[in-house]
Amino acid sequence: MTIIAVFNQKGGVGKTTTALNLAAALIKTGRVTYGLDLDPQAHLSSIAGIVARSGDDTMLSLFQRNRPLRELVQESNSQIKIIPSHSELSKVDALFGKGFNVVNRLSASLKSEEIGKKDTPLIIDCCPMIGVLSLNALFACDGVIIPISADHLSTKGAIQLEKSLTALEPVLKRRIRRRYLLTRYDGRRRMAWDVLRLVEDRFGQEVCKTRISENVSLAESPALNMTVFEHSPASRGAQDYDDLLAELLADGFIE
Ligand code: ADP
Ligand code: MG
């Protein structure tokens, strides 16, 4: 499993934080790791310090003219190889939504790339909407991580997504492997336990045992253009993302 999409229809649940720091944890294991930004808000790109020279140097050109992904890769300070996003990606649904096989564009492109293979894992940061962009991620990936910040609306987003994944499976002719990940978890809050119980009852074995704590280093590092490992390697946040990777490797969710 080497292509992982991080997705929840709800915004602000920790998708970008998880994509960034899971990729950074993979780098620490010596893997050449790619981060693909599929959110028009381009937070992953900007945290990585990447300002695209033009829309053509971003994911937009995959949709516009099938540009090979390897031509779009940019090195970041954190060593994550970033394939950047662009604000104009927000128009992809309107511009290309009716195109033939548009939802398979990323999957088809990755087949001819050295990106997303065993030693070159790819983490995709999705936008908080089901549309052409996130469907491309779901069709291309080997597994989905669904972050749930420990609150009611984020759980609702995960339940909606579960229904969407179930509806997509007959089209894909396979089950989409998934892991639900509690983020911003604060065990002192009653609501956090309630969400944990609800999520475990509903999603059972697919809930990660690792929970990502509410942690100030995780909140601070994006403004410094850093991963949590660069900003504060001894922090609880860094430990949590190391633990998450160890769990996903141990159960074969990531190869
Ligand atoms: P999304 O990509 O789902 O919109 P983000 O990863 O951007 O969510 O997170 C939303 C906000 O919450 C950001 O300001 C981020 O720094 C902060 N954040 C995310 N995870 C944590 C955490 N575990 N502890 C503290 N702050 C967090
Ligand atoms: Mg985001």
Side-chain angles (χ1 to χ4, degrees), residues 4-25 35-50 58-59 76 78 80 82-87 89-90 123-131 133-134 136-138 144-161 178-189 191-192 195-196 199 207-245 247:
I4 304 295
V6 183
F7 186 39
N8 184 331
Q9 276 126 306
K10 171 92 171 55
V13 296
K15 291 184 290 296
T16 302
T17 305
T18 297
L20 176 77
N21 292 302
L22 186 61
L36 192 159
D37 192 349
L38 259 189
D39 185 347
Q41 293 187 75
H43 289 160
L44 183 68
S45 313
S46 72
I47 295 169
I50 286 163
T58 72
M59 280 301 289
S76 67
S78 58
I80 304 169
I82 298 282
I83 304 172
S85 174
H86 192 271
S87 58
L89 272 176
S90 60
I123 311 291
I124 307 175
D125 185 25
C126 295
C127 63
M129 265 181 308
I130 284 262
L133 295 173
S134 43
N136 264 277
L138 295 175
V144 188
I145 294 176
I146 302 149
I148 303 177
S149 58
D151 62 65
H152 179 61
L153 287 177
S154 163
T155 315
K156 267 183 98 169
I159 292 170
Q160 274 171 10
L161 178 54
R178 63 201 79 162
R179 290 289 180 275
Y180 296 86
L181 173 67
L182 282 171
T183 60
R184 308 201 67 160
Y185 190 83
D186 179 350
R188 292 168 305 183
R189 288 205 200 137
M191 188 174 63
V195 168
L196 176 63
V199 164
V207 181
C208 291
K209 297 200 173 40
T210 307
R211 294 171 216 143
I212 309 297
S213 316
E214 175 75 28
N215 177 258
V216 69
S217 299
L218 284 170
E220 285 170 353
S221 44
L224 303 168
N225 294 110
M226 286 180 182
T227 69
V228 73
F229 300 104
E230 294 167 301
H231 171 47
S232 186
S235 64
R236 180 68 195 257
Q239 184 64 54
D240 287 348
Y241 278 102
D242 265 340
D243 290 350
L244 175 65
L245 177 61
E247 178 181 343

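All ligand and atom numbering here is 1-based and tracks the order in the structure.
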Test Asn215 against Ser213 for side-chain hydrogen bond (donor to acceptor under 3.5 Å, both in side chains), laying out the working first. CA-CA 6 Å; Asn215 177 258; Ser213 316; over 6 Å; no

Checking a contact table here: which protein heavy atom is nearest atom 17 (C) of ligand 1, and how many Å away? Arg184 NH1, 3.6 Å

For Asp125 and ligand 1, does the shortest N/O to N/O distance drop below 3.5 Å? no

Establish, from distance only, whether the side-chain atoms of Ser45 and Asp37 form a donor-acceptor pair under 3.5 Å. yes

Is Thr183 in contact with ligand 1, taking contact as a heavy-atom separation below 4.0 Å? no

What pair of heavy atoms forms the shortest contact from Leu38 to Leu133, and how long is it? CD1-O, 3.3 Å

Given the rule in the side chain to side chain contact (heavy atoms under 4.5 Å, CB included) test, do Ile148 and Val13 qualify, once you have shown the distances and angles that lead to the verdict? CA-CA 6 Å; Ile148 303 177; Val13 296; over 6 Å; no

Quick check on contacts: which atoms of ligand 1 are under 4.0 angstrom from a heavy atom of Val13? 1 (P), 3 (O), 8 (O)

Checking the N or O distance criterion of under 3.5 Å, is ligand 1 in contact with Thr17? yes

Please state whether Glu214 comes within less than 4.0 angstrom of ligand 1, counting heavy atoms only. yes

Closest heavy-atom pair, Ser149 versus Gly12, reported as atoms and distance to 0.1 Å, is OG-O, 4.3 Å

Is atom 13 (C) of ligand 1 touching the protein, meaning some protein heavy atom lies under 4.0 Å away? no

Identify the two heavy atoms, one from Pro222 and one from Ala219, that lie closest to each other, and give their separation to 0.1 Å. CD-O, 3.4 Å

Has Thr17 got an N/O/S atom less than 2.8 Å from the Mg ion (ligand 2)? no

Residue and atom name of the nearest protein heavy atom (relative to atom 8 (O) of ligand 1), distance in Å to one decimal: Gly14 N, 3.0 Å

Atom 7 (O) of ligand 1: the protein heavy-atom neighbour that sits closest, reported with distance to 0.1 Å: Thr16 CB, 4.0 Å

Please report whether ligand 1 has a polar contact with Lys15, defined as an N or O pair separated by less than 3.5 Å (distance criterion only). yes

For Ser213, the ligand 1 atoms whose distance to one of its heavy atoms is below 4.0 Å: 22 (C), 23 (N), 24 (N)

for atom 4 (O) of ligand 1, nearest protein heavy atom and its distance come out as Gly12 N, 2.7 Å

Measure the distance from atom 25 (C) of ligand 1 to every protein heavy atom, then report the residue, atom name and distance (to 0.1 Å) of the closest one. Asn215 O, 3.2 Å

Atom of Thr18, atom of Tyr241 and distance for their closest heavy-atom approach: OG1-OH, 2.8 Å

So, is Pro222 polar-close to ligand 1, with some N/O to N/O distance under 3.5 Å? no

Using modelled atom types only, decide if a donor and an acceptor are shared between the side chain of Asn225 and the backbone of Ala48 within a distance under 3.5 Å. no

For Ile212, take its heavy atoms, then give the atoms of ligand 1 lying under 4.0 Å from any of them. 23 (N)

Can you tell me which residue and heavy atom of the protein come closest to atom 16 (O) of ligand 1, and the distance to 0.1 Å? Ala219 CA, 3.7 Å

Only one of Pro40, Cys127, Pro84 forms a side chain to side chain contact (heavy atoms under 4.5 Å, CB included) with Leu89, so which one is it? Pro40

Is there side-chain contact between Leu22 and Ile145, with at least one heavy-atom pair below 4.5 Å? yes

May I have the step-by-step check of side-chain hydrogen bond (donor to acceptor under 3.5 Å, both in side chains) for Glu220 and Ser217, ending in yes or no? CA-CA 5 Å; Glu220 285 170 353; Ser217 299; 4.7 Å; no

